[in-house]
Amino acid sequence: STPSVVNLCSGRSVSLLRIIERMNSISGMEMQVRVNPDFVRANEIKSLAGDISLLRDITKYKFKFDIEDTISWMFGFNS
């Protein structure tokens with residue numbers, strides 16, 4: 001039977017810094033990011049990626065777009 005919950009992900013981790021750099025590049029602006037140390041945990045997960053195997057098994061989908069394409073689309077630009 002088909003599961004009722006499936007991760008929608010790419011299976012690849014992307015750093016927040018990479019996303020911010022791409023947003024800065026597309027917008028022509030520089031986003032300033034500050035970290036509030038009160039919200040940083042000692043055991044913070046440094047890298048996390050979703051498991052795409054179930055999504056691929058169910059849909060047979062082949063990815064055409066990456067995170068940079070998605071960010072460009074969100075800003076209204078084509079990559």
Side-chain angles (χ1 to χ4, degrees):
S1 74
T2 303
S4 60
V5 177
V6 178
N7 285 333
L8 298 180
C9 60
S10 67
R12 292 171 258 151
S13 68
V14 179
S15 73
L16 182 55
L17 181 58
R18 181 172 164 193
I19 292 172
I20 292 169
E21 288 171 347
R22 181 64 177 151
M23 291 173 65
N24 288 344
S25 173
I26 292 169
S27 70
M29 303 176 91
E30 187 170 336
M31 186 183 318
Q32 295 181 357
V33 179
R34 292 180 292 221
V35 176
N36 183 337
D38 293 338
F39 296 107
V40 177
R41 297 175 286 212
N43 62 345
E44 195 70 47
I45 297 171
K46 301 296 182 200
S47 180
L48 182 66
D51 181 354
I52 193 171
S53 57
L54 183 59
L55 179 63
R56 279 196 180 137
D57 289 348
I58 292 170
T59 65
K60 309 299 183 216
Y61 182 76
K62 303 272 193 244
F63 281 96
K64 300 176 194 170
F65 307 101
D66 59 19
I67 191 66
E68 285 84 6
D69 295 322
T70 302
I71 294 168
S72 294
W73 171 78
M74 290 171 59
F75 272 95
F77 298 103
N78 294 325
S79 312

Problem - salt bridge (charged side-chain N to carboxylate O under 4.0 Å, His left out) partners of R18, counting only residues at least two apart - result: E68
Using atom types as modelled, flag every donor-acceptor pair under 3.5 Å from a side chain in residues 31-41 to any protein atom, sequence neighbours excluded.
| residue | atom | partner | partner atom | Å |
| --- | --- | --- | --- | --- |
| N36 | OD1 | D38 | N | 2.9 |
| R41 | NE | E44 | OE1 | 3.4 |
| R41 | NH2 | E44 | OE2 | 3.2 |

Problem - Point-to-point distance, once rounded to the nearest 0.5 Å, from CZ of F65 to OG of S10 - result: 14.0 Å
With a cut-off of 3.5 Å and sequence neighbours excluded, list every side-chain donor-acceptor pair involving residues 48-60.
| residue | atom | partner | partner atom | Å |
| --- | --- | --- | --- | --- |
| D51 | OD1 | S53 | N | 3.0 |
| D51 | OD1 | S53 | OG | 2.8 |
| D51 | OD2 | S53 | OG | 3.4 |
| T59 | OG1 | L55 | O | 2.7 |
| T59 | OG1 | Y61 | N | 3.1 |
| K60 | NZ | D57 | O | 2.9 |

Handout entry: Spatial distance of atom CZ (R22) from atom CG (D69) [nearest 0.5 Å]
Key = 8.0 Å
Exercise for the section: Enter the distance from R12:CZ to I67:CD1 here, rounded to the nearest 0.5 Å. Expected result: 9.5 Å
Exercise for the section: Indicate if M23 and L16 have the same hydrophobic cluster label, given that clusters are the connected sets of ILVMFWY residues with side-chain heavy-atom separations under 4.5 angstrom. Expected result: yes
Problem - Nearest-0.5 Å distance that lies between atom CD1 in I20 and atom CD in E30 - result: 10.5 Å
